Amino acid sequence: MRHALVVRGGWDGHQPVETTDTFIPFLRDNGFDVRVSDSTAVYADASVMDGIDLVVQVNTMTTIAPDEFAGLQRAVLAGTGMAGWHGGIADAYRDNADYLHMIGGQFAHHAGKHPDERVGDQTDNYVPYTVHITELGHEHPITAGIEDFDLVTEQYWVLSDEYNDVLATTTQQARPWDAWNRPVTSPAIWTRQWGKGRVFVSAPGHRVEIVEQQPVRTIIERGLLWAAR
């Protein structure tokens, strides 16, 4: 039996409990013993981390103590998989450059509706967009057999680097009210090898209705299995 650690918390708007609860039965059905923590303190406990094969993290923003990050990094370098979605992994611990380096992508912005259409809640940033599967994505086990698909949700503009293996992208269009003046393409789904560990990130995953939507759910499920030791 392999062991998965689910670390969840941070901003409630991303439904960290509800979205992770969606995938815990899947992990158990695939032979994982699942431990859930509402605190990053567990990362500093070597007696726990030494036995973890997969970390599933949904913990938007917040901070991480130096000893906690050191424990997480040590585990990933030794082969523990690291996986998550949306802000829970790509908008976490903004003040820790080494964490951002390990994950390979940092949320920078999500485009909003026209200012006249905004009502002051999360839906102001729900826009229609397409996730484009890359050439690598068509061959990778996480996204093989999946074609380009459309979503209406937050579209993440991600700052990243060329070390990522990008399985899918999305393009932010330049609209008259935006600050940028030409389209910008960002990774939407990517993997990254860090030491002996595998990292999987899906930028789509804002709330339960998105992680449960196909093919996002299939991509996340495959990503969890792919990342695990």
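When a residue number appears, it is its place in the shown sequence, counting from 1. If you're wondering where the values come from, they're calculated on a predicted model, not measured in any experiment.
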Q: With a 4.5 Å heavy-atom cut-off, do Asp98 and Tyr93 have their side chains touching?
A: no

Q: Using atom types as modelled, flag every donor-acceptor pair under 3.5 Å from a side chain in residues 74-84 to any protein atom, sequence neighbours excluded.
A:
{"residue": "Arg74", "atom": "NH1", "partner": "Asp50", "partner atom": "OD1", "Å": "3.1"}
{"residue": "Arg74", "atom": "NH2", "partner": "Asp50", "partner atom": "OD1", "Å": "3.0"}
{"residue": "Thr80", "atom": "OG1", "partner": "Ile52", "partner atom": "O", "Å": "2.8"}
{"residue": "Thr80", "atom": "OG1", "partner": "Ala75", "partner atom": "O", "Å": "3.2"}
{"residue": "Thr80", "atom": "OG1", "partner": "Arg229", "partner atom": "NH2", "Å": "3.0"}

Q: Are Asp150 and Thr130 close enough that a side-chain donor and a side-chain acceptor fall under 3.5 Å?
A: yes

Q: Do Tyr156 and His109 have side-chain N/O donor and acceptor atoms under 3.5 Å apart?
A: no

Q: Going by atom types only, do Glu154 and His86 share a side-chain donor-acceptor pair under 3.5 Å?
A: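 Yes.
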
Q: Could you work out, with side-chain hydrogen bond (donor to acceptor under 3.5 Å, both in side chains) as the rule, every residue matching His132, not counting sequence neighbours?
A: Asp148

Q: Would you indicate whether the side-chain heavy atoms of Trp11 and Asn59 approach each other to under 4.5 Å?
A: no

Q: Regarding Asp67 and Tyr43, do their side chains bring together a donor and an acceptor under 3.5 Å, going by distance alone?
A: no

Q: Name every donor-acceptor pair, under 3.5 Å, that has one atom in a side chain of residues 194-202 and the other anywhere in the protein, sequence neighbours excluded.
A:
{"residue": "Arg198", "atom": "NH1", "partner": "Trp226", "partner atom": "O", "Å": "2.9"}
{"residue": "Ser202", "atom": "OG", "partner": "Pro204", "partner atom": "O", "Å": "2.9"}

Q: Decide yes or no for Leu224 and Leu54: does some side-chain heavy atom of the first lie under 4.5 Å from some side-chain heavy atom of the second?
A: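 Yes, side chains in contact.
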
Q: Looking only at heavy atoms, what is the nearest atom pair of Asn164 and Gly104, with distance?
A: ND2-O, 2.8 Å

Q: Kindly write out the residues that satisfy side-chain hydrogen bond (donor to acceptor under 3.5 Å, both in side chains) with Asp165, not counting sequence neighbours, or none if the list is empty.
A: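 With sequence neighbours excluded, Asp165 shows a side-chain hydrogen bond (donor to acceptor under 3.5 Å, both in side chains) to no residue whatsoever.
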
Q: If I compare all heavy atoms of Gly205 with all of Trp85, which pair ends up nearest, and what's the gap?
A: O-CD1, 3.4 Å

Q: Test of understanding: with side-chain hydrogen bond (donor to acceptor under 3.5 Å, both in side chains), list the residues that count as partners of Arg35, not counting sequence neighbours.
A: none

Q: Looking at every heavy atom in both Ile146 and Ile142, which two are closest together, and how far apart are they?
A: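 Of all heavy-atom pairs spanning Ile146 and Ile142, the closest is CD1-O, 4.2 Å.
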
Q: Where do Arg94 and Gln106 come nearest, in terms of heavy atoms and distance?
A: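 Closest heavy-atom pair between Arg94 and Gln106: CG-NE2, 4.1 Å.
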
Q: Tell me the closest heavy-atom pair linking Arg175 and Ala111, and the distance in Å.
A: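 Scanning both residues, the minimum pair turns out to be NH2-CB, 3.3 Å.
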
Q: Do you see a donor-acceptor pair shorter than 3.5 Å between the side chains of His206 and Thr153?
A: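 No, no side-chain donor-acceptor pair sits under 3.5 Å.
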
Q: With sequence neighbours excluded, tell me which residues meet side-chain contact (heavy atoms from CB on, under 4.5 Å) with Pro25.
A: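 Testing Pro25 for side-chain contact (heavy atoms from CB on, under 4.5 Å), a comparison that skips the adjacent residues, returns none.
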
Q: Among residues at least two apart in sequence or on other chains, which ones pass side-chain hydrogen bond (donor to acceptor under 3.5 Å, both in side chains) with Thr40?
A: Glu68

Q: What residues, two or more places apart in sequence or in another chain, satisfy side-chain contact (heavy atoms from CB on, under 4.5 Å) together with Gln214?
A: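 Gln214 satisfies side-chain contact (heavy atoms from CB on, under 4.5 Å) with Arg217, Thr218 only.
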
Q: Report the residues that fulfil side-chain contact (heavy atoms from CB on, under 4.5 Å) with Ile24, sequence neighbours left out, ordered by chain and then residue number.
A: Val6, Arg8, Asp21, Arg28, Val34, Val36

Q: Could you walk me through whether Ile219 and Val216 pass side-chain contact (heavy atoms from CB on, under 4.5 Å), step by step?
A: CA-CA 5 Å; Ile219 289 169; Val216 176; 5.7 Å; no

Q: Just to verify, which of Leu5, Ile220, Thr19, Leu27 counts as forming a side-chain contact (heavy atoms from CB on, under 4.5 Å) with Val56?
A: Leu27

Q: Does Phe69 have any ring pair (Phe, Tyr, Trp, His ring centres under 6.0 Å) partners at least two apart in sequence or in another chain, and if so, which?
A: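 Phe69: no ring pair (Phe, Tyr, Trp, His ring centres under 6.0 Å) contacts found.
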
Q: Taking all non-hydrogen atoms of both residues into account, name the closest pair between Val152 and Ile210 and its distance.
A: O-CD1, 4.2 Å

Q: Please identify each residue that fulfils side-chain contact (heavy atoms from CB on, under 4.5 Å) with Pro183, with sequence neighbours left out.
A: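 With sequence neighbours excluded, Pro183 shows a side-chain contact (heavy atoms from CB on, under 4.5 Å) to Thr171, Gln173, given in chain and number order.
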
Q: I need the full list of salt bridge (Lys or Arg N to Asp or Glu O under 4.0 Å) pairs touching residues 113-124, with sequence neighbours left out, sorted by first then second residue.
A: none

Q: Do the ring centers of Trp157 and His110 come within less than 6.0 Å of each other?
A: no

Q: Is there a path from Val58 to Val42 through hydrophobic residues (I, L, V, M, F, W, Y) whose side chains come within less than 4.5 Å of each other?
A: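 No, because Val58 and Val42 fall into different hydrophobic clusters, even though each may have its own neighbours under 4.5 Å.
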
